[in-house]
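For reference, the structure discussed in these notes is given below.
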Amino acid sequence: MVKAKKKQLSELSQRKRNQQNKKSLNPFEVHINRDKQNVLGKRSKTDKGLPGVSRTKAIQKRKGTLLQEYKLKNKDNVFLDKRIGEKNVAMNEEDKAMARFAVERMKAHKKKNIYSLNNEEILTHRGQTLEEIEKFDDPKSDDEFSDNENKTGKLDNKFVGEAHFGGGILSKSESGKSRKDLIDELIAESKKRKAEKQKIREQTIDLTEKLDSEWRDLLPIVTAANKTIEEATNKSKADDYDIAVRTLKFEARGMPTDKLKSQEEIIKEDKEKLEALEADRLARMKGFVNDSNNAIKHKSADDLDDGFALETMTDKVDEGNASAKNMEEDSDNENNYVSDAKNSDASEIVDSQEIVQIDALQISSINKEERKVENAAEENSEKNSDEELSEPESSEEDLSDLKVSEFSSEEEESTSCKRSVSFAKNHESFVTEKRTSSFTKGKSILKSEPDTNITEVENKNKKQKIRDDLLKRKEIMEKARKELPYTYAAPQTYEELQKLLENHNAEYQSVIIDRIIKCNHWTLDGKNKEKLSNLFLFLLQHINDCAVEDDVNSVVDCFQIFDRLCPFVYDLAHMNSENAKMCIQEIIKEKHAEFEKHKKKYPNLDTLIFFKLVSLIFPTSDFRHPVVTPCLIFMTQCLLRCHVKNKADISKGLLICTLVLEYTVLSKRFSPSVINFLRGVIYVSTPKHSIQGIKIIPPFKTNGELSNLLVLDDDQTNLDIEPSNALMKAEDLLLGELTDEFKIRALLTAVNLMREFKNQLQELEAAYSIFEPTLKLLTANAFHEYPSTVKKHIKQLRKDLKELKKRKLEYIVLEKKKPKPLRLYEPRIEAVYDGKKHKTMSKEKAEREKLLHKYKKEMKGAVREIRRDRAFIAKVQIKQQIKGDEERKRKVKEIFGDAATQQSELKKLKRKK
């Protein structure tokens, strides 16, 4: 009981001691916050406040933050103590030292790379690292060569039994060896056995490597023998599947080292091939033929194949370039260098005209020789005198022709060299070699004069051989002159281009333009871009001049030339798109100005051909294009304004409708003028008694002869029209008689175009309204007089148009809105009641007002804190000023005191004196 009372007394004394130690609050420092409206049951946290305590806390906080910043104001460097434990007041010096030592130990033991299992250890095998010997071989292990009895390295049972349990004194006396000696012997035997095993292992490894190397040498022979055996066994059993597998197995494959050539390299190679071909052609024009077996056979321009190699010719040209460098002084003259075949050490320079004279002298000597032979033949036999006399005359005529051809070839050579100066320098030496070889052959033949004992048969064979060679040479020269040149310079004017293209068909014109572009490609030289831009303009002018409506052949030639030249025009247009846009815009403006002078007449073929060219060069799917959009408007004006009076007008209108279909096939634009024109073609193909009351929109007329323009004259039910013959022809664009065949083709073309436009516009809501007038025309006319193929197309179009009627149009109505509910007198319930009256507003507005209120509140608090911060800083500054003034006053007093003592001492000295 006594112990319990002591415990209670100790607790009471502790409480009293705590209450005494607890600081008592001054009642004058307690501030009571009064509310404007007291709410029952509401407990406020701020009913009592301690302004002094709060102010002290705020001052202490500012001393730790704002005052420190003020002290460091306008100071560049700051000393920061980042030593471990310096900022921790609770740690003593010993704890700080321990913490710093622990961190240093952690840094020492920390791995550089946490994912590396061994940072410093490098694994090796037989003096090499594993990375060096990692060749996926089968390294030999020591366990393969060790015996199975003693893999652990322990003593065997026999030694343990004899050494440890081997009879004691008797066995030792008999053997006379101590335990140490036995162990030494055991160790020596073990080392010897290991050395023998190591030797055997090395020998085995050497033999294995030797066998591997010998097996690699024998492997091809073994595989070949196995293949022959398999082929012999399977030769009779091969079926279609095996044959297919073998063909796929040995199919040619692309080498991984083959590099794809860039566009610039391909263009450069094409130019070099054309230059080599031109060198070959000029050489053949001069009569030089390469008879070597390695020479590549020539292909003329008729083959249109520029992709074959010319390695031998290019090699010859390179050799000619090397020799031409030593002859630059006489480059203005013609090819005047000839090498003497007899004297290989010396070379002789001769003029080209002298060469021709020598050739003529040789030919004349051949003629004299032939005459001698003929005279001898007359003396021997008079019967065959007429035949023998006729032969030299013909040969003389042939040789005289060759003389003229050679002189003319020399003249043409000079003109061709003047036209292509750049090629002449590279080609000069090559032509010289060929000419020298041919003339040295001729000299060797001519200088070997026949002996008097040569028989008549040998002379005839020799003469015939010379004649055949000369005729063959003449034929090659003539054939080379007829070929097209392989290299062209870019034409500077339109007249130059016309000279190159005149008297050539569309095939040859395309070849010429292709070679001009390849020889003057814009990637070869920066200046070529301007030249090819001019070529683009010249080609447009050439197409415009070719579009003539004189006869059927001219129209056909125009379309063929247009078809062949379009790819090159496309490439040139994309080479300089800005230039192409400006050129074609000017052409369209010019054509439209001509059309405005004759608004009721369809434009000529030169205008229609440019409409087709625009669709090939520029994109037609753009919403608005600077070239395509004006052309589309131009074509719609033609369909609306021009009168339909004859065969050519109908054909041109159908051509424009086809072009409009090409323009709108991607964008799917609706063109009312095209639908109206096609409907008009069907209208003029229908007799008027069956469609009374149906009106037509201009340019077609309701009454008169033009209203029955395409009505058939006779019954054509039995006419068999093939799909190829049902297309429009080039002759339809010319003025002519309206035949029943043309009327059928025009109607069928209009029906097919109408079907295409129906497929294009069927997604529109007003599709049936667009084609409803056409459906009325097709329904009113039965087309009894037309062939069955035409009726089939008309029935299909009528069926397709009727299907559009099933789609119903939706009326345009206002969007349905949710009805506004009536305002009812219901109690307004607020989620949080704060005693204030709030206005009724939407959720967004209420959220905005809430944020504004919070913003104002925070702003007031921030301004209040800034004001207090400024007051705190002002107090600090005043204290510093007061402290500085007191220090100054103290120092002034000290100075005055020192001065007074000095003055008194000075007076004392004066008094003494």
Side-chain angles (χ1 to χ4, degrees), residues 21 23 25-26 28-31 33 45-46 48-116 119-120 847-903 905:
N21 294 334
K23 186 178 179 180
L25 294 176
N26 191 353
F28 295 99
E29 292 181 355
V30 178
H31 180 75
N33 298 321
K45 295 181 182 179
T46 59
K48 292 182 181 181
L50 302 173
V53 175
S54 301
R55 190 179 300 111
T56 304
K57 290 181 179 179
I59 291 171
Q60 292 297 330
K61 187 176 181 181
R62 287 187 176 89
K63 284 182 180 179
T65 56
L66 189 61
L67 182 61
Q68 301 301 325
E69 293 179 3
Y70 178 75
K71 288 180 180 180
L72 298 176
K73 183 181 178 182
N74 298 327
K75 292 184 179 180
D76 296 332
N77 298 327
V78 178
F79 179 78
L80 298 178
D81 190 1
K82 293 187 177 181
R83 292 178 295 174
I84 298 173
E86 287 297 324
K87 294 183 180 180
N88 192 351
V89 184
M91 295 179 66
N92 53 17
E93 293 297 329
E94 187 178 355
D95 295 339
K96 292 177 183 179
M98 291 295 293
R100 291 169 187 173
F101 179 73
V103 171
E104 291 297 326
R105 290 293 300 273
M106 288 173 64
K107 287 182 180 180
H109 292 282
K110 189 176 181 181
K111 286 187 177 181
K112 296 180 181 178
N113 189 357
I114 60 175
Y115 299 105
S116 179
N119 292 331
E120 300 178 356
E847 188 70 22
R848 186 174 181 276
E849 292 292 333
K850 184 178 179 181
L851 290 175
L852 285 174
H853 178 71
K854 189 175 182 180
Y855 165 74
K856 290 179 182 179
K857 186 177 180 180
E858 294 293 333
M859 180 63 74
K860 288 180 181 179
V863 171
R864 183 173 58 250
E865 292 296 324
I866 291 171
R867 193 184 301 117
R868 290 175 179 174
D869 291 343
R870 290 179 63 184
F872 175 78
I873 294 297
K875 288 181 181 180
V876 170
Q877 291 176 350
I878 290 170
K879 287 181 180 180
Q880 290 180 353
Q881 186 69 27
I882 293 170
K883 187 176 180 181
D885 293 342
E886 290 178 354
E887 185 69 19
R888 182 175 56 80
K889 289 178 182 179
R890 185 183 62 78
K891 289 180 179 180
V892 169
K893 287 180 180 180
E894 288 180 358
I895 292 170
F896 277 111
D898 294 340
T901 56
Q902 290 179 3
Q903 189 67 24
E905 289 177 357

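Here the CZ atom belonging to Arg888 is positioned 8.5 Å from the CD atom belonging to Gln881, to the nearest 0.5 angstrom. Rounding to the nearest 0.5 Å places NZ of Lys883 at 9.5 Å from CD of Glu886. A distance of 10.0 Å separates CD1 in Ile895 from CZ in Arg890, rounded to the nearest 0.5 Å. Expressed to the nearest 0.5 Å, how far CD1 of Ile873 lies from NZ of Lys73 amounts to 8.5 Å. Between atom CD of residue Gln880 and atom CD1 of residue Ile878 there is a gap of 11.0 Å, rounded to the nearest 0.5 Å.
With sequence neighbours left out, the side-chain contact (heavy atoms from CB on, under 4.5 Å) criterion links Arg870 to Ile866. A search for salt bridge (charged side-chain N to carboxylate O under 4.0 Å, His left out) contacts involving Glu69 returns nothing, not counting sequence neighbours. Every residue two or more places apart in sequence or in another chain that forms a side-chain contact (heavy atoms from CB on, under 4.5 Å) with Lys63 is listed here: Ile59, Gln60, Leu67, Phe872. Residues passing the salt bridge (charged side-chain N to carboxylate O under 4.0 Å, His left out) test with Asp76, sequence neighbours excluded: none.
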Using residues 856-865 as the side-chain source, report each donor-acceptor pair under 3.5 Å to any protein atom, sequence neighbours left out, with the distance given to one decimal.
{"residue": "Glu865", "atom": "OE1", "partner": "Arg62", "partner atom": "NH2", "Å": "3.0"}

Distance-only criterion, 3.5 Å: show the donor-acceptor pairs between side-chain atoms of residues 94-103 and protein atoms not counting sequence neighbours.
{"residue": "Arg100", "atom": "NE", "partner": "Ile84", "partner atom": "O", "Å": "3.1"}
{"residue": "Arg100", "atom": "NH2", "partner": "Ile84", "partner atom": "O", "Å": "3.1"}
{"residue": "Arg100", "atom": "NH2", "partner": "Glu86", "partner atom": "OE2", "Å": "3.0"}

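No donor-acceptor distance shorter than 3.5 angstrom exists from the side chain of Ser54 to the backbone of Pro51, with no hydrogens or angles considered. Side-chain atoms of Lys87 never come within 3.5 Å of backbone atoms of Arg83 as a donor-acceptor pair (strictly under, hydrogens ignored).
With contacts defined as side-chain heavy-atom distances shorter than 4.5 Å, the pair Glu887/Lys891 qualifies. A 4.5 Å side-chain heavy-atom check between Asn88 and Met91 finds at least one atom pair inside the cut-off.
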